[in-house]
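In this chain, residues are counted from 1 in sequence order.
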Amino acid sequence: MNKSDWSGLDKLQRKLKKLDGTHNVSYDELFNASFMNRYTQHSTIDEFFVAGGFEFETEEEFEKIPEDKVNKHVQAVTKFNTWQDMFTKAGENWVAKKLGF
């Protein structure tokens with residue numbers, strides 16, 4: 001009888017535990033170069049925002065930009081229909097990377 005190796009599962013459980021709760025992730029980390037090159041016409045999230053004419057310093061200022069304006073830019077230069085779709089996919093990719101997938 002072969003002994004099962006559960007070390008991979010144990011490692012995954014430890015990684016999942018680290019992801020439990022709320023995390024503050026910078027846009028640069030969330031929208032890393034790999035993500036931007038794969039899904040957009042820009043190399044960085046900063047280039048994306050500049051190309052869209054979005055000027056802001058804080059999250060609160062970004063939230064004041066009309067959603068339809070952001071979505072229109074997203075549709076023009078990415079593979080997504082909305083900013084929320086783009087943000088969600090970036091989050092999924094971030095989690096997958098943290099879990100080693």
Side-chain angles (χ1 to χ4, degrees):
M1 182 172 182
N2 292 335
K3 183 179 175 186
S4 296
D5 180 8
W6 294 95
S7 62
L9 183 58
D10 290 339
K11 189 175 183 179
L12 180 59
Q13 285 178 322
R14 285 191 301 275
K15 289 179 181 181
L16 282 168
K17 191 169 186 168
K18 286 182 183 179
L19 287 177
D20 191 30
T22 303
H23 297 270
N24 290 321
V25 181
S26 72
Y27 275 1
D28 288 333
E29 184 178 356
L30 193 62
F31 299 102
N32 60 49
S34 175
F35 178 90
M36 295 303 291
N37 287 323
R38 181 173 184 183
Y39 295 107
T40 80
Q41 297 175 10
H42 301 286
S43 306
T44 67
I45 193 67
D46 290 335
E47 285 180 12
F48 169 84
F49 289 135
V50 168
F54 308 121
E55 295 183 30
F56 59 94
E57 294 291 325
T58 66
E59 183 69 27
E60 292 78 23
E61 290 176 357
F62 177 72
E63 290 175 4
K64 290 180 182 177
I65 299 170
E67 187 176 346
D68 62 324
K69 184 177 179 183
V70 177
N71 288 340
K72 191 175 284 188
H73 182 59
V74 167
Q75 291 167 0
V77 299
T78 78
K79 296 181 179 183
F80 302 100
N81 288 320
T82 67
W83 169 252
Q84 186 60 52
D85 292 344
M86 184 173 163
F87 189 83
T88 298
K89 185 63 172 180
E92 291 170 355
N93 286 0
W94 182 83
V95 168
K97 182 177 179 183
K98 292 294 179 185
L99 294 177
F101 296 120

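Checked against side chain to side chain contact (heavy atoms under 4.5 Å, CB included), Val50 has no partners two or more places apart in sequence or in another chain. In this view, Glu59 and Tyr27 satisfy the side-chain hydrogen bond (donor to acceptor under 3.5 Å, both in side chains) rule, not counting sequence neighbours. Qualifying side chain to side chain contact (heavy atoms under 4.5 Å, CB included) partners for Glu67, counting only residues two or more places apart in sequence or in other chains: Asn71. Ala51 is linked by a side chain to side chain contact (heavy atoms under 4.5 Å, CB included) to His42, His73, counting only residues two or more places apart in sequence or in another chain. In terms of the salt bridge (charged side-chain N to carboxylate O under 4.0 Å, His left out) criterion, residue partners of Glu29 (sequence neighbours excluded) are, by chain and number, Lys98.
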task: Evaluate the side-chain contact (heavy atoms from CB on, under 4.5 Å) criterion for residues Phe62 and Phe49: first the C-alpha distance (whole Å), next the side-chain angles of each, then the deciding distance (0.1 Å), finally the verdict.
output: CA-CA 10 Å; Phe62 177 72; Phe49 289 135; 3.6 Å; yes
- prompt: After noting the C-alpha distance and the side-chain angles of Thr40 and Met86, does the key distance pass the side-chain contact (heavy atoms from CB on, under 4.5 Å) rule?
  reply: CA-CA 10 Å; Thr40 80; Met86 184 173 163; 4.0 Å; yes
Residues Leu30, Ile45; criterion side-chain contact (heavy atoms from CB on, under 4.5 Å); working and verdict: CA-CA 9 Å; Leu30 193 62; Ile45 193 67; over 6 Å; no
task: Would you please test Thr44 and Met36 for side-chain contact (heavy atoms from CB on, under 4.5 Å) and show each step?
output: CA-CA 6 Å; Thr44 67; Met36 295 303 291; 5.5 Å; no
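Within 6.0 Å of CD in Glu63 there are more than 12 heavy atoms belonging to other residues, nucleotides or ligands.
Between Arg38 atom CZ and Asn32 atom CG the span is 11.0 Å, to the nearest 0.5 Å.
Taking the six-membered ring for Trp, Phe31 and Phe48 have ring centres at least 6.0 Å apart.
Pairs of residues two or more places apart, or lying in two chains, that qualify as side-chain hydrogen bond (donor to acceptor under 3.5 Å, both in side chains) and include a residue from residues 76-87 are Thr82-Asp85, Gln84-Thr88.
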